[in-house]
There are 2 protein chains.
Amino acid sequence: MGRTSDARERLEKAIYQLMWDKSYNALTIDMICKEADVKKGSFYYYFESKTDLAVAAMEKAWQELKTKLDPIFSPAKDPLERLFDHADYSYEKTREIQRDSGQVLGCPCFNIASEVCCVESELAEKTFEILNRYRRYFTSAVKEAAEEGVIDEANPEEAARILYSVFDGMMTQARVRNDPEVLLDLKPAYRRLLKIK
Amino acid sequence: MGRTSDARERLEKAIYQLMWDKSYNALTIDMICKEADVKKGSFYYYFESKTDLAVAAMEKAWQELKTKLDPIFSPAKDPLERLFDHADYSYEKTREIQRDSGQVLGCPCFNIASEVCCVESELAEKTFEILNRYRRYFTSAVKEAAEEGVIDEANPEEAARILYSVFDGMMTQARVRNDPEVLLDLKPAYRRLLKIK
DNA sequence: AGTATAGATGACTGTTTAGTCAAGTAAAGC
DNA sequence: GCTTTACTTGACTAAACAGTCATCTATACT
């Protein structure tokens, strides 16, 4: 019983968008409240600190992303198809965001993880965790491809680590250059890295 | 004539170290002054703003790095040797820094570029410029390898772009994981990406 | 309709921050 | 040794900032 509200969700959306657009450390609580149209008193009603909100927002964003990744990396599909579909999805999504906001933003989790890993231990842990969850999709696909024999691969774990580094590296290159076309190198890179039969 | 000082250099060193350790946006002018042992009045004697100092510091750091990169990528060496020596250097340097400071820090320019590219346009331009200078070493080596026929390469520019994305991607993975061993994947990745004869 | 409760609000405090400035100090050149 | 000039200092202002709280409001449940 009592009053209802979506202020919590508005705050989570706001900090996530601002972190993605700008950076974590550039944000103040006032900015986040303004973006969410929530007063500071309410902010502290829901969250203890900026870090606290950021951690919650990252987890929510992951749950949202997961609903997109699960079909893309569906075990019903050929493992290589999963990887290439994910490359296509990343390119298309990046273009869409640039069309709407004028900016290529890259992978929010990777950006923030790199920014806070030596400063905000709580948020660092959460982003680290999410990066690992994300990478597991790659590992699973590469391992399966190796087992099915569609690639000639002596070290699938290594291959998956490298593929994921390429993905994050290119997403950030795309951000820095504000150019989605950078991501057109993703599929050629995967083809070079995997000995496809 | 007049009083002499190395306060300018101390400030540049201080912001560079702090940006690398933490991040750009996390820093205040007071923190930088304290680290450099320089009073704020002196800060504003030399620089207009934090951005101004950061730009100067990045350029100085690049000039310093260049003296390391030039021998590593010396045209006197085989092109592939340059790339592999650079991978070794990156790994060793990263380990050394972790030994001293307890932290893997990755590539400062890539970290900062990704952090400020949508916010601080002046610093964004400078870091962007440096990333391009860095990548030129890769491009030159790969192109030469292709021309000399030591690799079988239809698209050397693409290969160089991918190699450099792997490098930056892994450097940041190493930072986030605080694990230099991530960089041991660098040379295997290069070997996978280039059809070495 | 009344009440208990979840949430909203804005005014408040103390602190940190950027940026300024007049007065002081050290060294280079005469 | 004196003057010019490059640099230093600490005290200052105003603004931005995090965090608190008493009071107000809406609504779910009885």
Side-chain angles (χ1 to χ4, degrees), chain A residues 1-19 21-60 112 115-116 118-124 126, chain B residues 1-58 60 112 115-116 118-124 126:
Chain A
M1 59 176 82
R3 206 164 167 176
T4 55
S5 168
D6 62 344
R8 170 176 237 115
E9 286 70 32
R10 292 209 308 277
L11 284 167
E12 286 167 350
K13 278 239 172 255
I15 196 175
Y16 182 73
Q17 200 54 52
L18 286 171
M19 284 194 295
D21 284 347
K22 305 188 172 156
S23 87
Y24 174 77
N25 286 305
L27 306 182
T28 65
I29 291 174
D30 284 322
M31 285 169 68
I32 299 160
C33 288
K34 198 177 171 188
E35 174 84 8
D37 195 28
V38 163
K39 296 295 178 298
K40 197 150 52 172
S42 291
F43 177 98
Y44 285 101
Y45 179 79
Y46 290 106
F47 300 99
E48 279 187 0
S49 61
K50 195 176 83 170
T51 309
D52 191 30
L53 169 59
V55 169
M58 288 308 295
E59 183 57 35
K60 276 257 172 84
I112 297 164
E115 185 187 346
V116 303
C118 306
V119 189
E120 285 283 342
S121 64
E122 242 185 299
L123 182 55
K126 175 53 73 179
Chain B
M1 59 179 83
R3 206 165 167 174
T4 57
S5 168
D6 63 342
R8 170 175 236 115
E9 286 70 31
R10 292 210 309 277
L11 283 166
E12 285 166 352
K13 278 239 172 251
I15 197 176
Y16 182 73
Q17 200 55 51
L18 287 171
M19 283 195 297
W20 202 5
D21 283 348
K22 306 189 171 154
S23 86
Y24 174 76
N25 286 306
L27 306 183
T28 66
I29 291 175
D30 284 322
M31 285 169 68
I32 299 161
C33 287
K34 197 177 170 188
E35 175 84 9
D37 195 28
V38 162
K39 296 295 176 298
K40 197 152 50 174
S42 291
F43 177 99
Y44 284 102
Y45 178 78
Y46 291 105
F47 300 99
E48 278 186 0
S49 62
K50 195 177 82 169
T51 310
D52 190 30
L53 169 60
V55 169
M58 288 308 294
K60 275 257 172 85
I112 298 165
E115 185 187 346
V116 303
C118 307
V119 189
E120 286 282 343
S121 63
E122 242 185 299
L123 182 55
K126 173 55 72 180

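Here is the naming used below: chain letters follow the sequence lines, and residue numbers restart at 1 for every chain.
Whole-Å rounding puts the B/Ile29 CD1 to C/dT20 C1' distance at 12 Å. When the P atom of D/dA18 is taken as reference, atom CG of A/Asp52 falls 15 Å away, rounded to whole Å. Rounded to a whole Å, the NZ atom of A/Lys34 is 13 Å from the C1' atom of D/dA16. Rounded to an integer number of Å, the gap from B/Phe47 CZ to C/dA18 P is 16 Å. In this structure, B/Leu11 atom CG and D/dC7 atom P are separated by 13 Å, rounded to whole Å. For the pair B/Asp30 CG and C/dT15 P, the computed distance is 16 Å after rounding to whole Å.
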Problem set entry | Criterion side-chain contact (heavy atoms from CB on, under 4.5 Å) on B/Lys50 and B/Glu120, from CA distance to verdict | CA-CA 10 Å; B/Lys50 195 177 82 169; B/Glu120 286 282 343; over 6 Å; no
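Annotation: cation-pi geometry not satisfied between B/Arg8 and B/Tyr45 (NZ/CZ under 6.0 angstrom from ring centroid, within 45° of ring axis).
Contact annotation: the side chain of B/Glu12 never approaches that of B/Tyr46 to less than 4.5 Å [non-hydrogen atoms, C-beta and beyond].
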Between the protein and nucleotides 7-10 of chain C, list every N/O to N/O distance that falls short of 3.5 Å.
residue, atom, partner, partner atom, Å
C/dG7, OP2, A/Tyr45, OH, 2.9
C/dG7, O3', A/Ser5, OG, 3.4
C/dG7, N2, A/Arg3, NH1, 3.2
C/dA8, OP1, A/Ser5, OG, 2.7
C/dA8, OP2, A/Tyr46, OH, 3.2
C/dA8, O4', A/Arg3, NH1, 3.3

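The side chain of B/Tyr44 sits closest to C/dA18 out of C/dA18, D/dT20, D/dC17.
Proximity of a side-chain donor or acceptor of A/Glu122 to a complementary backbone N or O of A/Val55 within less than 3.5 Å is not detected. Remark: side-chain polar atoms of A/Tyr24 are not paired, donor with acceptor, to backbone N or O of B/Asn25 under 3.5 angstrom.
Among residues two or more places apart in sequence or in another chain, the ring-ring contact (aromatic ring centres under 6.0 Å, His included) test is passed with A/Tyr16 by A/Trp20.
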